[in-house]
Novice: 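Quick one: structure below, then a few questions.
Letters go in sequence order (proteins before strands), and every chain restarts at 1.
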Amino acid sequence: MQDTITKPLLKWYGENKRVLPWREKKNPYEIWVSEIMLQQTRVEAVKPFYERFMRELPNVAALAVCPEEKLLKLWEGLGYYNRVRNMQKAAQKIMEVYDGVFPADYEALKGLPGIGNYTAGAVASIAFCIPVPAVDGNVLRVMARLREDGEDILKQSVKNRVEAELTEIMPAEDPGAFNQAMMDLGAMVCLPNGAPKCEVCPLFDQCLAGQHQTWTEYPFKKSAKPRRIEDRTVLLFLDGAHTAVRKRPKKGLLAGLYEFPNFDGVLSEQEALEEAEKFGVTPLHIQALPPYKHIFSHVEWHITGYAIKIAGNDVEQEGEEKAGLIFADAKTAAERYAIPSAFAEYAKYTDLERA
DNA sequence: AAATCGGGGAC
DNA sequence: GTCCCAGATTT
């Protein structure tokens, strides 16, 4: 039973595997960084972030002591920002508890912040040749189709069962290749949307969904709860040289990142001007900006934007803080502060008055 | 078990 | 619009 899957799979992998930056080397740090970035994130999206991150922070020691602002800039636009904060906590733990050496142990890896079953399996198998499975969305899809298993793949019980099944058939020689082969198969052949390429699949002969052409039914996922919609109003303060940003709270959505001042609900021009005055600036003119819809996983922001020209003498110096706002040159702000996409959308209007 | 946490590409 | 991506953590 084992060979009917592993043999053709590994043969296919040897001939078709993708060339990826993190596959060139096998040191645990490089594997780990790639796996964290790849959580819920497509390979093509990760590539440029990975190259830059490895250049700036080439080892555990460098990551452990990196200032948070720099860390967030390196992650800016990648999303799920707790990933990088957890990664730094893990780096610090490795320095302190493991004397700077990555633990070559599955359970020890799972004990590091941000490393769950999947990532522990991936790092253990790829970097340390430990025969443990790495079950991600690709693997769950491949397995559901192979078995025509209609259970909800989001259920923990299903993940546990798939892990157990794979543990039985894992080859001891190169478990990393086996795990990556399953994932490459899911990403390149057993496609999530549209028709899978069953005609080139090395596992077609043992795939029930392939044989019965029932692949549209697998994997099954309980439909997600609809996102709630929130109205927000963003204010872009402009005095000809500066714009205003502020740091978001330490917890919750986009924690610790920077934003343009914004408010719950849809503010009228009058209300926006009143809010502006509370910051101690003198609004001279207000202009509506194009509305923008930003979609997160579980919430959707419908954003109303205003550009508000303020008196030039409101801001006396670069980087000045005033009522919780940081006034800075737009270009400087972009270089210094991590601004997530929802707000970066409005950064393109910072030179509005010069137009 | 359900909710939270980003962003973007493919259809 | 929908789906889903080399998921983990908190509630």
Novice: What's A:Trp32 touching, base or sugar-phosphate or nothing? Going by heavy atoms closer than 4.0 Å.
Specialist: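 No contact.
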Novice: Say you pick atom P in B:dG6 and the same atom in C:dC3; how far apart are they, in whole Å?
Specialist: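 Each nucleotide's P atom is 22 Å from the other's.
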Novice: Indicate whether OP1 or OP2 belonging to C:dA6 is found under 4.0 Å from a side-chain N or O atom of A:Ser34.
Specialist: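 It does not, given that no N or O in the side chain of A:Ser34 lies less than 4.0 Å from OP1 or OP2 of C:dA6.
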Novice: Sticking with atom C1', work out how far B:dC5 lies from C:dC5, rounded to a whole angstrom.
Specialist: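 Here B:dC5 and C:dC5 have their C1' atoms 15 Å from each other.
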Novice: Which nucleotide in the set C:dA6, C:dC5, C:dG1 lies at the smallest distance from any side-chain heavy atom of A:Gln180?
Specialist: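 My answer, after comparing the listed nucleotides, is C:dA6.
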Novice: Both A:Ile115 and A:Lys221 contact DNA chain C. Taking the nearest nucleotide for each, which residue is further toward the 5' end?
Specialist: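 The answer here is A:Lys221.
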Novice: Under 4.0 Å, counting only non-hydrogen atoms across every strand here, what does A:Asn117 touch: a base, just sugar-phosphate, or nothing?
Specialist: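 Contact class for A:Asn117: sugar-phosphate only.
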Novice: Are A:His294 and A:Phe296 close enough that their ring centres sit under 6.0 Å apart?
Specialist: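 So the answer is yes for these two rings.
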Novice: Quick one: do A:Glu69 and A:Lys247 make a salt bridge, cutoff under 4.0 Å?
Specialist: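 Looking at A:Lys247 together with A:Glu69, the answer is yes, because their closest N to O distance falls below 4.0 Å.
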Novice: For residues 123-141 of chain A, which residues have at least one heavy atom under 4.0 Å from DNA chain C?
Specialist: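 By residue number: A:Asp136, A:Gly137, A:Asn138, A:Arg141.
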Novice: Would you mind classifying the nucleic acid contact of A:Leu185 as base, sugar-phosphate or nothing, using non-hydrogen atoms under 4.0 angstrom?
Specialist: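 It contacts nothing in the nucleic acid.
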Novice: Cut-off 3.5 Å, side chains only: do A:His212 and A:Glu148 have a donor facing an acceptor?
Specialist: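 Checked: A:His212/A:Glu148 side chains pair up, N/O donor to acceptor below 3.5 Å.
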Novice: If we ignore hydrogens and angles and just use 3.5 Å, is the side chain of A:Arg145 paired with the main-chain N or O of A:Cys207 as donor and acceptor?
Specialist: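 Between the backbone of A:Cys207 and the side chain of A:Arg145 there is no qualifying donor-acceptor contact (under 3.5 Å).
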Novice: To the closest 0.5 Å, what do you measure between CE (A:Met182) and OG1 (A:Thr6)?
Specialist: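 It comes to 11.0 Å.
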Novice: Base, sugar-phosphate, or nothing: which does A:Lys293 touch, judged by heavy atoms less than 4.0 Å apart?
Specialist: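 Sugar-phosphate contact only - A:Lys293 comes under 4.0 Å of backbone atoms but never of a base.
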Novice: In whole angstrom, give me the gap between the P atoms of B:dG8 and C:dA8.
Specialist: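 It comes out at 22 Å once rounded to the nearest Å.
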Novice: When every nucleotide of nucleotides 4-11 of chain B is labelled 5' to 3' by its protein contacts under 4.0 Å (heavy atoms), B for base, S for sugar-phosphate only, - for none, what sequence of letters results?
Specialist: SBBBBB--
